[in-house]
Amino acid sequence: MSNSVSYPTYQENIYPAGRNDLIDKVKAQVNQGRFEHILRVEKKALELAERWDVDAEQASIAALTHDYAKQRSDEDFLAVIDQKKLDPDLKNWGNYLWHGVVGAEMVHDELGITHQDVLDAIRQHTIGAAYMTKLSQVIYMADYVEDGRDFPGVAEVRALAFEDLGASVGWQTKHTLEYLLSKNGRIYPGTITTYNEWSTK
Ligand code: DGI
Ligand code: FE
Ligand code: FE
């Protein structure tokens, strides 16, 4: 895929302070390794957005904020679940679920981002969902195949994301499930919902 990607100048009033300001805000929330991952996700998301005709500015903002809350404490997430009266069942799970689903609330409240498709892409970036916009699919896949990722089959699924986006969503969900089962991990029911919807597409 293209090595150079052009970064959008924000013009849609989703994050009026602009891309450089958003990068500074995100950098302040995460460690250096996580920050570099986030920048690689943005690059991959912009490549995929161009391929699949997704809005580049929305892809950039969703990518830069997808792991905004990754390093917040469990206490922070549990407090927001109470404050915002989110589904109490969320409390039975962990950071892997909260940093997306509850993280979107923090992005909304702390960064003032109210664009629903962007917030849904953040919410869905780990678990997916039965219905995902193209933007959500692009973020879900960019997170998984950004150029720093290395796991068996990564080159195959990286290419598949540019050939058949929906099939690549199914590939990721199936392999994540296999990995979790092999490690006796707890499976969030939403992960199964995503598998059932996308694995045969
Ligand atoms: O935040 P990142 O590390 O960049 O990536 P991510 O948000 O896609 O998180 C991936 C992790 O989430 C990976 O270690 C697998 C885990 N995960 C996804 N679905 C489930 C899950 N973990 C459990 N226990 N159960 C799930 O259903
Ligand atoms: Fe994540
Ligand atoms: Fe990520």
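Because only heavy atoms are used, hydrogens play no part in the values below, and waters and symmetry mates are left out as well, while side chains stay in. The shown structure was predicted, so the numbers you read here are calculated from the model rather than taken from an experiment.
Listed by chain and number, the residues in a ring-ring contact (aromatic ring centres under 6.0 Å, His included) with His99 are His125 (sequence neighbours excluded). Taking the salt bridge (Lys or Arg N to Asp or Glu O under 4.0 Å) definition, one finds that Asp117 meets it with nothing, sequence neighbours left out. For Tyr68, there are no ring-ring contact (aromatic ring centres under 6.0 Å, His included) partners two or more places apart in sequence or in a different chain. Listed by chain and residue number, Thr176, Ile187 satisfy the side chain to side chain contact (heavy atoms under 4.5 Å, CB included) test with Leu180 (two or more places apart in sequence, or in another chain). Listed by chain and residue number, nothing satisfies the salt bridge (Lys or Arg N to Asp or Glu O under 4.0 Å) test with Asp74 (two or more places apart in sequence, or in another chain). Annotation: salt bridge (Lys or Arg N to Asp or Glu O under 4.0 Å) contacts of Glu110 (sequence neighbours excluded): Arg72.
Side-chain atoms of Asn31 and Arg34, non-hydrogen and from C-beta on, do get closer than 4.5 Å to each other. Annotation: side chain of Asp67 is not in contact with side chain of Val30 (no heavy-atom distance under 4.5 Å). Proximity of Thr65 to Ile38: side-chain heavy atoms (C-beta onward) are nowhere separated by under 4.5 Å. For the pair Val102 and Asp76, the minimum side-chain heavy-atom distance is 4.5 Å or more. Contact check for Trp98 versus Val80: no side-chain heavy atoms found under the 4.5 Å cut-off. Between Glu146 and Arg158 the shortest side-chain heavy-atom distance does not fall below 4.5 Å.
For the residue pair Ala142 and Ala45, the shortest heavy atom distance occurs at CB-N, 3.6 Å.
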* To do: Assess whether side chain to side chain donor-acceptor pair (under 3.5 Å) is satisfied between Tyr140 and Thr173, documenting all intermediate values.
  => CA-CA 10 Å; Tyr140 185 76; Thr173 309; 2.7 Å; yes
* Determine, step by step, whether Gln29 and Val26 satisfy the side chain to side chain contact (heavy atoms under 4.5 Å, CB included) criterion, reporting the C-alpha distance in whole Å, the side-chain angles of both residues, the deciding distance to 0.1 Å, and the verdict. => CA-CA 5 Å; Gln29 293 286 321; Val26 170; 5.7 Å; no
* In sequence, state the C-alpha distance, the side-chain angles, and the governing distance for Ile192 and Leu177, and then conclude on side chain to side chain contact (heavy atoms under 4.5 Å, CB included). => CA-CA 8 Å; Ile192 311 271; Leu177 255 179; 4.2 Å; yes
* To do: Could you check Thr126 against Leu97 for side chain to side chain contact (heavy atoms under 4.5 Å, CB included), going step by step and ending with a plain yes or no?
  => CA-CA 7 Å; Thr126 307; Leu97 181 66; over 6 Å; no
* Leu119 and Gln116: side chain to side chain contact (heavy atoms under 4.5 Å, CB included), yes or no, with the steps? -> CA-CA 5 Å; Leu119 296 174; Gln116 286 305 321; 4.0 Å; yes
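Atom NZ of Lys70 has more than 12 heavy atoms from other residues, nucleotides or ligands within 6.0 Å.
Here the straight-line distance linking atom OG of Ser199 with atom CD of Glu197 works out to 9.0 Å at 0.5 Å rounding. With rounding to the nearest 0.5 angstrom, the NZ atom of Lys25 is 12.5 Å from the CG atom of Leu64. The line from CG of Leu46 to OG of Ser4 is 11.5 Å long, rounded to the nearest 0.5 Å. Distance check: Tyr15 OH to Ile113 CD1 gives 6.5 Å after rounding to the nearest 0.5 Å. Interatomic distance, Leu78 CG to Leu90 CG, rounded to the nearest 0.5 Å: 9.5 Å. Taking CD1 from Ile122 and NE2 from His115, the interatomic distance works out to 11.0 Å, rounded to the nearest 0.5 Å.
One hydrophobic cluster, built from ILVMFWY side chains closer than 4.5 Å, cannot hold both Ile61 and Val41; they sit in different ones.
A salt bridge does not link Lys44 to Asp143: none of the charged side-chain nitrogens sits closer than 4.0 Å to a carboxylate oxygen. By the 4.0 Å N-to-carboxylate-O rule, Glu42 lies close enough to Arg19 to be salt-bridged with it.
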Exercise answer: donor-acceptor pairs, residues 5-14 side-chain atoms, under 3.5 Å, sequence neighbours excluded:
from  : atom 1 : to    : atom 2 : distance (Å)
Tyr10 : OH     : Ser60 : OG     : 2.7
Glu12 : OE1    : Gln58 : NE2    : 3.4

Donor-acceptor pairs under 3.5 Å, side chain of residues 127-137 to any protein atom, not counting sequence neighbours: which ones?
from   : atom 1 : to     : atom 2 : distance (Å)
Thr133 : OG1    : Leu135 : N      : 3.4
Thr133 : OG1    : Ser136 : N      : 3.0
Ser136 : OG     : Gln124 : OE1    : 2.8
Gln137 : NE2    : Met132 : O      : 3.1

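Sorted by first then second residue, the ring pair (Phe, Tyr, Trp, His ring centres under 6.0 Å) pairs that include residues 17-62, not counting sequence neighbours, are His37-His66. For residues 51-63, the set of pairs meeting the salt bridge (charged side-chain N to carboxylate O under 4.0 Å, His left out) definition, not counting sequence neighbours, is empty. Within the structure, salt bridge (charged side-chain N to carboxylate O under 4.0 Å, His left out) contacts touching residues 96-107 (residues at least two apart or in different chains) are Lys84-Glu105, Glu105-Arg123. Under the salt bridge (charged side-chain N to carboxylate O under 4.0 Å, His left out) criterion, the residue pairs touching residues 168-177 are Lys174-Glu178, with sequence neighbours excluded.
In this pair, Tyr188 and Trp93 present their aromatic rings perpendicular. The plane angle is above 60°, beyond the 30 to 60° band. Aromatic ring pairs are classed by plane angle as parallel below 30°, tilted from 30° to 60° and perpendicular above 60°; the pair Trp171 and His175 is parallel.
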